[in-house]
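To keep things clear, I will list the structure first and then write my remarks on it.
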Amino acid sequence: MHAYNRVSSSGHSTPSPPQSPLRSPRYRHGRSKGGRFTPGQPPSGRAPLAHRLAWLLLSVLLRRQGIFLFAPLIYISGMLLYMGTVLDVGPMINHSPAHGSVYRSPQLYAKLRHDMDSDNSSGDAMSTIWKNTFKGGEWRPCVNASLGGLPDSNGYLYVEANGGLNQQRTSICNAVAVAGYLNATLVIPNFHYHSIWRDPSKFKDIYDEDFFIKTLENDVQVVNKIPDYLMERFDYNMSNVYNFRIKAWSPISYYSDAVLPRLLEEKVIRISPFANRLSFDAPPAVQRLRCLANYEALRFSSPILTLGETLVARMKERSVNNGGKYISVHLRFEEDMVAFSCCVFDGGEQEAQDMIAARERGWKGKFTKPGRVIRPGAIRINGKCPLTPLEVGLMLRGMGFGRSTYIYLASGKIYNAEKTMAPLLEMFPNLLTKDMLASDEELAPYKNFSSRMAAIDYTVCLHSEVFVTTQGGNFPHFLMGHRRYLYGGHSKTIRPDKRKLAILFDNPNIGWKSFRRQLLNMRSHSDSKGYEIKRPNDSIYTFPCPDCMCRANKSEDSRSSSAT
C-alpha cells in the first residue's frame with residue numbers, strides 16, 4: 001500500500017485507517033493520576049508558555065495525521081536549527097593554514113642562519129656524497145655498431161620538431177628511430193619557432209650536422225634536403241606535402257600500419273608537430289636507434305661545444321681545493337615559471353600584479369577561465385612550487401655543502417633577482433653563471449638565442465660532480481640520462497622530495513641539527529636512486545639502462561673510468 005493512500009482525500013474510497021490515537025480512552029481525561037499534563041484539553045492560562053506551545057503543536061500533529069510522514073524531517077531540521085544557534089553563540093574558530101601551505105622559508109633562514117654558519121662539519125661533503133653501488137655492478141655504454149649495407153630507401157621522412165632545446169632533442173631521436181624502422185631517408189629535422197622560446201636557430205646552429213650524418217650512416221640515411229625532382233611535384237612547397245597528424249605516444253606499429261603505405265605511395269611524407277609522437281615502450285631495434293642518436297650522434301656544434309668545455313675547465317680551476325669538483329644547479333625561478341606555477345611567495349601585492357600580467361602575456365586567459373579555482377597552498381603542499389634561490393641554498397647547506405663549495409647556476413633570467421638571489425649568494429659566495437665565467441665577447445653570438453644558451457648550460461652541468469634539479473622538465477631529465485651514460489649508470493643527481501621540503505621549510509620550531517639530519521637523509525635517498533633501470537613506460541632519455549647500457553665487470557669499469 002502506497003504512503004499517499006493512507007491519507008483520506010475527497011472523492012476517493014480508501015480502506016479505513018487504524019483508529020486514531022486521539023480517540024484512545026487514555027487521552028479523554030485532561031489530567032493523569034500523576035498530575036502530569038495530557039493533551040486531552042488545553043492547559044490553563046497559568047500553565048507555562050512552553051506547555052501551551054507544546055499542546056498547540058501536538059494538537060495540530062494529531063489532527064493532521066499525514067504530517068507524521070514528515071516528522072523525521074521536522075525533527076532533523078529542528079536539531080540543525082538548534083545546533084546552528086549553539087554555534088552562532090559559541091566561540092569563533094580560526095582555521096590556521098595547513099602545514100606546508102605557506103612560504104615561510106625566509107623566517108626559517110633567519111632562525112637557522114647563526115647555527116648554520118657555525119657548523120664546521122661539512123668539509124668532506126663533496127668527496128663523500130656518492131656512496132651507493134648498484135648490486136648488479138656498474139654499467140657501460142653498449143650501443144652496438146651496425147654492420148652497414150642499407151637497403152634502398154622507401155622514401156623521405158620530413159619532421160618538424162617543436163618546443164625548446166630538449167623537446168626538440170626528443171623529436172630528433174624519435175625521428176631517427178622511425179626513419180630506421182620504416183627504412184626511410186630522414187631529412188634533417190626542421191625546428192619550429194616557439195612563441196615562448198623565441199629562438200629561430202636551425203639544426204646546424206645547435207648541433208654538428210656533419211657528425212650527425214656520419215655517425216648514423218650505417219643505420220639511417222640522413223640528407224639535408226629532399227631532391228628537386230620530388231619537390232617539383234609539390235611546387236617546391238612543403239605545405240603541399242601530405243602531413244600526418246599523429247597522436248602522442250603512438251606505438252611503433254602505427255607507423256608501419258598507417259604511415260608506411262602512404263610513404264611508399266607518395267615517396268615524401270611530413271609529420272608536424274613531432275614531439276612525443278612515439279611510445280617509450282618499443283622493440284630493442286627501435287630503442288637502439290634512439291640510443292645511438294641521443295648519446296652518440298647528437299653533438300653540439302663546434303662553437304657551442306668549445307665554449308661549454310671552456311667554462312667546464314674554468315669551473316674546475318676555481319674549485320681546485322675540492323679536487324676540481326663543483327655542483328651544478330638547474331634553477332627554475334624565471335618569471336614565466338613562477339607565474340605558471342600559481343604559487344605565492346613573499347613579494348606581496350607587487351608579485352601578485354607581476355604574475356597576473358605574466359600569465360596574460362604567456363597564456364591569454366588560461367588561468368582566468370570561469371570555474372577555474374587556483375589553490376596556491378595545495379600546490380605548495382603537493383611539491384609543485386619551484387624552489388626559490390633561498391630554498392636551494394637552505395637545502396644544499398643542510399645536505400652538508402659548505403660556503404666554500406663552487407656552484408654553477410644554470411637558469412634563465414631569475415624573477416626579482418636582486419632580492420631573491422641575495423640569500424643564496426650569502427650562503428654560497430662562490431656561485432657562478434655563464435655570464436660570470438665568460439666574457440661579453442664570448443657570449444655575444446648566443447645572447448639572443450635561448451636554445452644555444454641552454455646548450456652551454458647543458459654542457460657545464462653534464463660534467464659537474466653533482467647535478468641538482470629543482471623543478472623537473474626536459475632539461476634535467478635528459479641530463480640525468482646522459483650523466484648515467486657517462487658515469488657508469490649513476491646519475492650523480494640530487495632530486496629533492498619537494499613535498500617533504502614544503503613541510504620542513506614551514507616548521508618554525510625545527511633546530512639546525514634536526515634540519516640537517518633530514519636533509520642528509522634526502523641526499524642519501526638521491527644517491528640510492530642514482531642507479532635505476534628503465535621500466536616499460538619510462539623515458540629512455542632518462543633511464544638508458546638496460547637499452548643503451550650493459551653491466552660491466554670491475555676491470556672494464558676501471559678502464560672506462562680512466563678513459564673518462
Side-chain angles (χ1 to χ4, degrees), residues 96-112 164 196 329-363 366-368 372-399 407 409-424 427-428 467-477 480 493-508 510 515 518-519 522-523 525-526:
S96 59
H99 195 40
S101 64
V102 179
Y103 178 69
R104 294 194 178 99
S105 300
Q107 294 90 319
L108 181 67
Y109 175 50
K111 179 179 184 294
L112 298 180
I196 293 179
V329 177
H330 183 226
L331 180 61
R332 295 304 314 275
F333 204 70
E334 305 92 344
E335 185 177 68
D336 62 332
M337 173 55 68
V338 178
F340 187 81
S341 73
C342 295
C343 297
V344 175
F345 297 93
D346 60 342
E349 184 60 28
Q350 184 60 53
E351 176 189 303
Q353 294 302 320
D354 290 345
M355 296 304 104
I356 290 172
R359 291 183 195 118
E360 190 57 31
R361 282 196 307 271
W363 296 279
K366 175 179 180 178
F367 294 92
T368 55
R372 175 156 189 174
V373 179
I374 297 173
R375 296 184 175 89
I379 296 171
R380 180 170 297 282
I381 290 173
N382 287 329
K384 302 297 183 182
C385 289
L387 293 181
T388 64
L390 183 150
E391 290 173 326
V392 171
L394 278 173
M395 179 183 73
L396 292 177
R397 290 295 296 270
M399 288 181 174
I407 294 179
L409 192 70
S411 72
K413 184 179 179 181
I414 300 298
Y415 172 66
N416 197 8
E418 186 175 351
K419 173 189 174 183
T420 58
M421 285 296 295
L424 178 58
M427 287 182 269
F428 292 98
F467 173 61
V468 182
T469 173
T470 64
Q471 185 60 17
N474 288 314
F475 186 93
H477 288 158
M480 281 191 284
T493 298
I494 291 176
R495 287 183 289 170
D497 185 332
K498 291 168 66 179
R499 288 188 179 93
K500 289 183 179 179
L501 285 180
I503 301 296
L504 200 60
F505 290 149
D506 192 20
N507 185 352
I510 195 168
F515 180 83
Q518 295 191 52
L519 266 300
M522 193 177 293
R523 188 189 89 175
H525 182 74
S526 289

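Sequence positions, counted from 1, serve as the residue numbers for this chain.
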If I compare all heavy atoms of [X] with all of [Y], which pair ends up nearest, and what's the gap?
X: Pro389; Y: Thr420; value: CB-O, 3.3 Å
X: Arg104; Y: Pro97; value: NH2-CG, 4.4 Å
X: Leu394; Y: Ser105; value: CD1-O, 4.1 Å
X: His99; Y: Ile503; value: O-CD1, 3.2 Å
X: Pro423; Y: Tyr109; value: CB-CE2, 3.9 Å

Distance check, rounded to the nearest 0.5 Å: Leu519 atom CG versus Asp497 atom CG?
11.0 Å
Point-to-point distance, once rounded to the nearest 0.5 Å, from SG of Cys343 to NZ of Lys384
10.5 Å
Test item: Gln518 and Ile510 side chains (from C-beta on) under 4.5 Å apart, heavy atoms:
yes
Is Val468 close to Met395 at the side-chain level, that is, under 4.5 Å between some pair of heavy atoms?
yes
Mind telling me whether Phe467 and Phe475 have parallel, tilted or perpendicular rings, with 30° and 60° as the class edges?
tilted
Parallel, tilted or perpendicular, judged at 30° and 60°: which one describes the rings of Phe345 and Phe333?
perpendicular
In sequence, state the C-alpha distance, the side-chain angles, and the governing distance for Tyr103 and Phe505, and then conclude on ring pair (Phe, Tyr, Trp, His ring centres under 6.0 Å).
CA-CA 8 Å; Tyr103 178 69; Phe505 290 149; 8.5 Å; no
Is there a side-chain contact (heavy atoms from CB on, under 4.5 Å) between Leu504 and Phe515? Walk through the geometry before answering.
CA-CA 8 Å; Leu504 200 60; Phe515 180 83; 3.8 Å; yes
Pick out which of Glu335, Met421, Glu334 makes a side-chain contact (heavy atoms from CB on, under 4.5 Å) with Tyr415.
Glu335
